[in-house]
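Proteins get letters first, then strands, A, B, ... in listed order; numbering begins at 1 in each. Since the structure is predicted, the reported quantities are computational estimates derived from the model, not experimental observations.
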Amino acid sequence: MAAESAVAARGATRPAALPNEAVAAAFDEMADLLAISGENRFRIGAYRRAARIVRTLPRALSEFAGIEELDQIPGIGPDLAAKIQELLRTRTLRSLQQLRTKVPAGLRALLGLPGLGPIRVRALHSALGIKGMDDLRRALAADRLQRLRGFGPVLQQRLEQALSAAAAPQRWLWSVAAQYAEPLRDYLRSLPRVTQVEIAGSYRRGRDTVGDLDLVVCARGPLDLASALRGYAEVRDLSAAGPTRCSAVLANGMQVDVRVVAPDSAGAALYYFTGSREHGVRMRQRAQARGLKLNEYGLFRGRRRIAGASEQQILTALGLPWIAPELREDRGEIDAAQRGELPQLIELRDLQGDLHAHTSASDGREPMPKMVAAARAQKLRFMAITDHSRHLGVVHGLDAGRLARQIDEIDALNETLEDFAVLKGAEVDILPDGRLALPDSILRRLDVVVAAIHSHFDLPQAQQTSRILRALERPCVSILAHPTGRLLGERAPYAVSFERILAAARARPCFLELNSQPARLDMDDVLCQAAHAHGVLVSVASDAHSGAELADLAGGIRQARRGWLCAKDVLNARPLREVKALLATTRL
DNA sequence: GCCGTTTTCGGCCCGACTGTTTTCAGTCG
């Protein structure tokens with residue numbers, strides 16, 4: 001087809017734009033190297049902030065129209081805007097290269113060791129000539145840190161342990177963290193004088209992975225938290241044990257921070273430890289601008305606490321409506337709250353159905369009637385059965401003949417159902433050249449075609465993008481499933497231009513899927529915002545391979561909320577009639 | 001390096017805990 005080859009040609013000739021992540025990484029390195037150089041901490045902070053802003057921007061920097069528009073991004077001034085442009089044009093940064101000649105690159109890694117910050121790392125370099133991990137290991141073995149001010153025996157021992165320890169996973173899937181956090185919360189709730197325990201931190205903000213657990217304990221009167229934690233079977237060690245704060249390490253290596261506050265401070269502490277850090281900074285600045293002080297004990301005018309018992313109290317006192325924890329990432333939520341423009345975030349109960357599920361006909365574990373029963377138990381009103389097409393990656397994939405028989409089976413099943421509809425679908429493989437693994441003749445008989453990549457993840461960005469664009473040009477494709485292909489902690493997202501995919505999805509039209517499997521959760525929050533900005537509806541799908549996995553939809557909703565999505569932005573939060581009409585528009 | 005209800009220079013969020021000190025710097029969240 002002429003249109004297909006035009007897309008392929010564009011993909012092949014257009015040079016891949018520098019991803020935002022590359023700019024963010026350069027700014028992070030600048031910040032680290034400046035810190036080790038002993039630079040002004042506010043200048044360092046500006047680079048760190050810029051890295052974070054760029055990383056979570058729902059739009060490619062390469063799409064901005066020059067320095068003037070880049071300068072409009074809050075936190076990006078004229079200097080950083082020019083540096084972004086330099087990176088986009090030359091893929092390098094002169095100031096970073098100069099810095100690298102002064103600060104050995106290996107020193108950066110030392111910042112990750114416990115007890116080592118920029119000041120001690122600089123001391124190691126200037127006094128002992130240490131340039132990296134190996135030098136430090138040798139210096140420790142030779143006892144050369146002894147004579148360095150600020151390096152006592154305890155710190156040396158911690159460093160030795162850290163250097164010899166096997167690298168534990170840095171982050172945990174939210175769903176894994178839940179299995180540790182919730183029992184610990186319940187244990188702490190059972191302690192005498194404890195009135196309230198909440199899991200805070202990135203867990204409460206619903207991040208797809210969690211680095212450690214933060215719990216806020218509210219108690220009337222004194223509480224021997226350290227003893228309580230030592231008495232908890234999962235706790236391996238306490239790394240800090242003060243009267244109001246304890247840090248524990250669980251048997252699996254997970255770090256847990258627990259803070260104790262009085263009831264008057266419960267809301268302030270929960271707000272403080274829910275974070276994110278950047279959101280907290282903004283809130284404290286807001287308090288300061290009003291002549292107030294905000295900390296984990298409350299909101300204060302002078303010495304008088306004017307709010308603190310609940311989060312809403314604090315928000316109200318600062319002139320703000322409720323800000324959902326999922327939004328507290330300093331991505332404009334405070335300004336939006338101030339203007340009364342926060343989105344009415346989608347909730348799990350808004351979901352009307354599920355548009356991606358498997359049965360034992362392909363790689364699912366339960367037959368269709370059981371899947372349908374599970375969906376009805378979840379109060380859903382419809383479910384698409386989307387078994388795999390036959391291809392190399394998945395055994396038992398359906399060919400056209402078996403899919404035709406499944407279509408008949410669904411028709412028969414629907415005859416027996418009241419107040420519930422089973423939609424006929426398939427999860428069709430996008431082949432390396434962008435063709436689909438099933439012919440149009442059978443796909444035309446389906447209600448919904450979910451297209452996905454399951455192989456050749458490492459194509460260059462231009463080729464991967466045109467592969468997907470070509471698939472989206474096919475007449476029957478309704479939804480692009482798990483559009484980045486990532487598996488958290490296992491497989492990075494494949495390289496692809498979402499600017500182009502979203503533009504194509506908008507024009508066609510078709511939809512993108514937010515896959516609720518705990519290790520996928522792609523789209524991520526940033527991509528959700530980008531889809532919303534492009535006016536592309538999102539399907540929050542279970543990709544369930546058993547009835548029990550329909551519960552994973554809750555995780556998809558968490559991610560959607562982090563991406564600022566409302567019910568109206570989500571395809572399957574609409575009534576079946578509307579979903580069918582929208583799916584019909586995907587037919588070319 | 002950014003930014004402006006402190007407004008174009010001079011500020012920039014706040015506190016706990018540890019280890020190494022002998023009054024507090026550094027790290028961490």
State which of B/dG29, B/dT21, B/dG26 makes the closest approach to the side chain of A/Tyr272. B/dG29

How about A/His279 and A/Tyr271: are their ring centres within less than 6.0 Å of each other? yes

Rounded C1' spacing from B/dT8 to B/dC13 in Å: 23 Å

Starting from P on B/dC2, measure out to CG on A/Asp79 and report it in whole angstrom. 5 Å

Should the pair A/Tyr187 and A/Tyr232 be assigned to parallel (<30°), tilted (30 to 60°) or perpendicular (>60°) ring geometry? tilted

Could you tell me whether A/Leu113 contacts a base, only the sugar-phosphate backbone, or nothing, with contacts defined as non-hydrogen atoms closer than 4.0 Å? sugar-phosphate

Does a donor on one side chain and an acceptor on the other come within less than 3.5 Å for A/Glu182 and A/Tyr203? yes

Which nucleotide, B/dG15, B/dG29, B/dC2, lies nearest any side-chain atom of A/Leu80? B/dC2

Under 4.0 Å, heavy atoms only, any strand: does A/Ile76 hit a base, just the sugar-phosphate, or nothing? sugar-phosphate

When rounded to the nearest Å, what value does the distance between C1' atoms of B/dG10 and B/dG15 take? 25 Å

Between A/Arg562 and A/Glu329, does any side-chain N to carboxylate O distance fall below 4.0 Å? yes

Would you indicate what A/Arg120 reaches in the nucleic acid, counting non-hydrogen atoms under 4.0 angstrom: base, sugar-phosphate, or nothing? sugar-phosphate

For B/dG11 versus B/dT18, give the span between their C1' atoms, rounded off to a whole number of Å. 30 Å

Name the pairing partner of B/dT8, where a pair is Watson-Crick or G-U wobble with both distances under 3.5 Å, or state none. none

Any side-chain heavy atom of A/Leu34 within less than 4.5 Å of one from A/Val103? no

Across the strands shown, which category fits A/Val281 at heavy-atom distances under 4.0 angstrom: base, sugar-phosphate, nothing? base

Rounded distance in Å between the C1' positions of B/dC17 and B/dC12: 25 Å

Is the distance from OP1 or OP2 of B/dC13 to the nearest side-chain N or O of A/Gln285 less than 4.0 Å? yes

Just call it for A/Ala287: base, sugar-phosphate, or nothing, with non-hydrogen atoms closer than 4.0 Å on any strand. nothing

Same-atom distance (P) from B/dA16 to B/dT23, integer angstrom: 23 Å

Could you give the distance separating B/dT22 and B/dT6 at their P atoms, to the nearest angstrom? 41 Å

By the 4.0 Å heavy-atom rule, please label A/Arg41 as base, sugar-phosphate, or nothing. nothing

With the side chain of A/Lys83 defined as its heavy atoms from C-beta on, choose the nearest nucleotide among B/dG26, B/dG1, B/dC17. B/dG1

Taking the side chain of A/Ala240 as heavy atoms from C-beta outward, which of B/dT18, B/dA16, B/dC13 is closest to it? B/dT18

What's the closest nucleotide to the A/Arg284 side chain, out of B/dC13, B/dG1, B/dC17? B/dC13

When you check the gap from the basic side-chain N to the acidic O, do A/Arg52 and A/Asp330 get nearer than 4.0 Å? yes

Taking atom C1' in both B/dT21 and B/dG26, compute the distance separating them and give it to the nearest angstrom. 12 Å

Upstream residue (5' side of DNA chain B) when A/Thr244 and A/Gly112 are each assigned their closest nucleotide: A/Thr244

Rounded to whole Å, how long is the line connecting atom CZ of A/Arg171 with atom P of B/dG29? 12 Å

Look at A/Arg245 and B/dA16 and indicate whether a side-chain polar atom (N or O) is within less than 4.0 Å of OP1 or OP2. no

Can you check whether A/Ser247 has a side-chain N or O nearer than 4.0 Å to OP1 or OP2 of B/dC28? no

Are a donor atom and an acceptor atom from the side chains of A/Thr484 and A/Asp522 found within less than 3.5 Å of each other? yes

What contact category does A/Asp214 fall into here, base, sugar-phosphate, or nothing, at under 4.0 angstrom with non-hydrogen atoms? sugar-phosphate

A/Gln72 CD to B/dC2 C1', straight-line distance once rounded to whole Å: 14 Å

When you compare B/dT20 with B/dA25, how far apart are their C1' atoms, in angstrom units rounded to a whole number? 9 Å

Can you tell me how far P of B/dC28 sits from CG of A/Asp212, to the nearest Å? 13 Å

Spacing between A/Asn295 atom CG and B/dG29 atom C1', to the nearest angstrom: 14 Å

Rounded to whole Å, the CG-P distance (A/Leu294 to B/dC13) equals 13 Å

Want to settle it: does A/Arg277 or A/Phe42 sit nearer the 5' end of DNA chain B, counting the closest nucleotide to each? A/Phe42

In whole angstrom, what separates A/Leu155's CG from B/dT20's P? 6 Å

Classify the nucleic acid contact of A/Tyr297 as base, sugar-phosphate or nothing, counting any heavy atom under 4.0 Å across all strands shown. sugar-phosphate

Side chain to side chain, A/Leu345 and A/Ile557, heavy atoms closer than 4.5 Å: no

Rounded to whole Å, how long is the line connecting atom CZ of A/Arg204 with atom C1' of B/dG29? 17 Å

